[in-house]
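These notes are about the structure you will find just below.
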Amino acid sequence: MIRYYERQKTFWLRGKSYDYVMYVNGAGFLQNLHYGGRIDENDLGELIRRGDLLCPPQNVNGELALDAMPGEYGFFGRGDFREPTAVIERHDGASMSRFRYVSHEIRKGAPRLKGLPHARSADATFAVTLRDDFSPSEITLYYVVFDGSDALVRYAELKNAGSEPVRLKRAFSFCNELPSGDYKMLRLFGAWATECRVETTQIGRGVTRLQSLRGVSSYGLNPFAAIMRDGCTETQGECYGAQLVYSGNWAITAEKSFSGSVRVQGGVNDFGFSWELGAGETFVAPQAVLCYSGEGLGQLSREYADFIRERIMRPEFACSHRPLVANNWEATFFDFNAEKLLPIIDGAAELGADTFVLDDGWFGERNFDNVGLGDWVVNTEKLEGGLKTLIERCKKRGLKFGLWFEPEMVNEDSELFRAHPEWVIAKAGVEPVRGRNQLVLDLTRPEVVDYIFNSVSKILSENDIAYVKWDFNRDLTEFYSASIPANRQGEFAHRFILGSYNLMERLTSAFPEVFFEGCAGGGRRFDAGVLYYFPQIWTSDNTDGFERTRIQWGTSLCYPVSAMSCHVAACPNHQTGRTTPLNTRCVVASLGATGCELDCSKLTDGEKAEIKSHIKNYKQIEELVLRGDLYRLSNPFETNMFCEMLVSKDKTKAYVAGEVFLGGPFGGYANVLRLRGLSERKTYKIEELDIIASGRTLAELGVSVPQLGDFGAWAWHITESEEYKES
Ligand code: DGJ
């Protein structure tokens with residue numbers, strides 16, 4: 001809901017449980033009056049009285065400092081001494097600015113952003129235009145509102161309405177002011193094979209900044225932050241999320257002022273950034289998804305999960321059956337031929353998988369990671385008869401066929417590089433940094449995007465391919481393109497990601513029936529921008545049964561479990577060398593889009609039976625993975641147990657899965673789990689335990705966890721029951 005109170009010049013946005021109120025104050029600035037839980041519209045007068053205290057109406061020329069005013073967009077050099085939201089340098093070098101309200105519009109639905117991923121639908125959008133006092137620059141702030149949701153999409157469009165060019169030195173997407181208080185900031189940090197670890201720190205005075213300078217959203221920090229009010233936990237208290245729908249260099253900052261208020265802002269990273277706007281041109285900053293929860297982090301995560309499924313993912317795939325993949329990577333690495341793969345396909349079918357994915361190594365001279373990348377032509381020496389032989393075998397066994405690509409990359413030892421050495425990101429005379437022996441293609445050049453589109457399209461149109469795994473195995477360096485003028489190199493990083501999005505858009509549109517899975521050596525590019533094109537992402541190269549609990553827990557903070565590819569791998573684990581029981585690996589992999597990452601042709605009968613039963617179980621709970629609500633019951637970062645629970649929206653079904661890791665004294669884990677998310681009034685049966693009890697009792701008394709050895713796991717299936725236990 002969006003309401004305009006004309007007399008008070010106040011705009012009231014309302015979602016499922018938040019209110020967001022702002023007004024044009026007496027000085028003409030757009031000022032925030034409230035963002036948080038529901039308040040009473042009759043109290044508008046009181047809100048304005050409070051707002052006027054922070055920026056009195058007589059402050060028309062900004063004589064008084066503006067750094068107490070909770071602005072909707074921070075400006076620079078005119079008395080607001082906090083960090084600005086935009087910095088616009090004019091041709092004379094001046095960059096002071098101060099924006100005032102000009103006009104607004106309330107529209108139905110969601111705006112479409114050309115070339116950038118965005119919320120696909122919405123109930124209404126509020127767009128408010130501000131003009132600079134000192135230059136012909138305009139900013140339009142967008143607020144995209146969803147009635148049944150606590151997500152609020154924000155972004156900004158900056159316009160050079162003058163006749164001289166201007167240079168944007170910062171152009172963040174949003175500025176969000178939180179009232180005085182003690183807040184903590186939660187972030188997801190990590191590295192290869194250890195993505196999305198959770199760290200929470202107090203927001204002290206000064207600026208706390210999360211960012212990526214790796215050219216991709218990155219393992220280092222995920223483009224997300226949760227700002228938690230004092231006392232906020234998994235199950236209670238207030239928190240605010242900020243998530244960017246963006247996959248390039250980004251920043252999210254939280255600045256605590258003297259008074260204790262906190263300004264949260266973010267968008268494209270301004271470090272190394274500049275963007276020239278010619279007369280009449282606009283720059284559209286990527287969308288940010290803010291989210292409010294008055295019921296702790298768990299509720300925040302559920303709001304984000306719903307939002308991404310309902311508004312970001314391609315609707316035809318968002319909640320559709322996810323391919324049950326058997327992938328050959330950890331089974332063979334580069335060392336395969338048709339003879340080796342055919343039994344793996346047979347094995348995959350026997351297990352109940354429905355898609356076989358041929359990973360890296362099928363093209364060019366690709367027998368190691370320093371050769372062949374970029375040459376998207378089948379290596380018929382390795383695969384006699386091309387892909388057809390494998391595809392035919394898949395068909396015969398009732399499987400679909402999937403294929404790996406790494407479209408944005410090239411090896412120097414490749415036909416592509418030999419033909420077009422100028423197509424890589426590099427600066428003549430400067431030795432480029434190599435990552436995994438490869439260079440990155442310069443996607444700021446349209447001819448490079450065209451070439452990749454054509455060569456990948458050729459393979460996809462000549463073969464019956466149902467699934468694409470789209471990899472990206474290094475960060476960006478050099479940040480330079482010879483095709484961009486010297487004074488505009490600051491545009492490189494953003495232009496690169498626009499090139500990637502263009503490629504993703506073109507390929508997914510040209511092959512709408514193909515299921516695309518994102519990957520970047522695991523979760524290097526796990527973000528809402530990629531999820532707009534690809535409904536699922538390979539969560540991590542780390543498939544260890546213990547490490548996965550933490551990686552999946554962290555990732556679930558702001559992404560739905562159905563976005564995470566979670567495969568059962570062999571032991572000892574390739575990445576950690578650890579051995580965990582097969583049942584444990586299966587249980588953990590059931591809490592996401594499951595599959596197999598092992599040699600399906602070399603399993604013992606016992607292993608086969610166990611994986612078969614895992615896949616059977618997964619099919620039974622798939623609806624919960626695709627559409628259910630996630631309740632995180634036991635935190636693997638803080639306790640000796642991991643446990644998560646999926647509950648159907650109608651609360652008739654649930655699935656609980658967990659793992660214990662002793663790493664301490666036997667029995668060193670809490671042995672009673674309080675179940676959450678069930679209806680208090682319904683009666684449920686826990687199949688494995690033969691327990692029949694009400695949701696209220698299961699939440700209050702909990703259920704005992706079985707006594708298990710190190711890395712032991714369990715799963716419970718819960719259904720609404722008509723039965724009553726006799727007392
Ligand atoms: C990194 C991915 O994360 C792996 O799953 C695999 O596809 C390799 N790349 C292939 O090079």
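Source: prediction; values computed, not measured. Order of listing sets the numbers, starting from 1, for every ligand and every atom in it.
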Run the side-chain contact (heavy atoms from CB on, under 4.5 Å) test on Ser457 and Leu507 for me, step by step, so that the C-alpha distance in whole Å, both residues' side-chain angles and the decisive distance to 0.1 Å come before the verdict. CA-CA 7 Å; Ser457 291; Leu507 279 166; 3.6 Å; yes
Decide whether an N or O pair under 3.5 Å exists between Arg436 and ligand 1. yes
Would you check the N or O atoms of Arg366, main chain and side chain alike, for any that come under 3.5 Å of an N or O of ligand 1?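 Among all N and O atoms of Arg366, none is under 3.5 Å from an N or O of ligand 1.
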Among all protein heavy atoms in this structure, tell me which lies nearest to atom 7 (O) of ligand 1, with the distance rounded to 0.1 Å. Asp359 OD1, 2.6 Å
Starting from atom 3 (O) of ligand 1, locate the nearest protein heavy atom and write down its residue, its atom name and how far away it is, to 0.1 Å.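 Looking at atom 3 (O) of ligand 1, the protein heavy atom closest to it is Asp541 OD1, 2.4 Å.
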Answer with side chain, backbone, both or neither: which part of Lys469 has a heavy atom less than 4.0 angstrom from an atom of ligand 1? side chain
Would you say the side-chain atoms of [X] and [Y] include a donor-acceptor pair closer than 3.5 Å?
{"X": "Thr543", "Y": "Asn573", "value": "yes"}
{"X": "Ser301", "Y": "Tyr559", "value": "no"}
{"X": "Ser218", "Y": "Arg524", "value": "no"}
{"X": "Asn473", "Y": "Glu406", "value": "yes"}

Distance under 4.0 Å to a non-hydrogen atom of [X]: what atoms of ligand 1 satisfy this?
{"X": "Gly522", "answer": "3 (O)"}
{"X": "Trp538", "answer": "3 (O), 5 (O)"}
{"X": "Cys519", "answer": "2 (C), 3 (O)"}
{"X": "Asp360", "answer": "10 (C), 11 (O)"}
{"X": "Asn473", "answer": "1 (C), 9 (N)"}

Donor-acceptor contact present, side-chain Tyr219 to main-chain Gly521, <3.5 Å: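 Flag set: sc Tyr219 to bb Gly521 pair under 3.5 Å.
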Please verify whether a non-hydrogen atom of Glu330 lies at under 4.0 Å from ligand 1.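 So Glu330 does not count as touching ligand 1.
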Which atom names give the shortest non-hydrogen contact between Glu644 and Arg632, and what distance separates them? OE2-CG, 4.0 Å
Just go through Thr543, Asn542, Asp471, Asn327 and tell me whose heavy atom is the nearest to atom 2 (C) of ligand 1.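 The residue whose heavy atom sits nearest atom 2 (C) of ligand 1 is Asp471.
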Is the terminal nitrogen or CZ of Arg120 (NZ for Lys, CZ for Arg) located under 6.0 angstrom from the six-membered ring centre of Tyr532 and within 45° of that ring's axis?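 Judged by the rule (NZ or CZ under 6.0 Å from the ring centre, within 45° of its axis), Arg120 counts as positioned above Tyr532.
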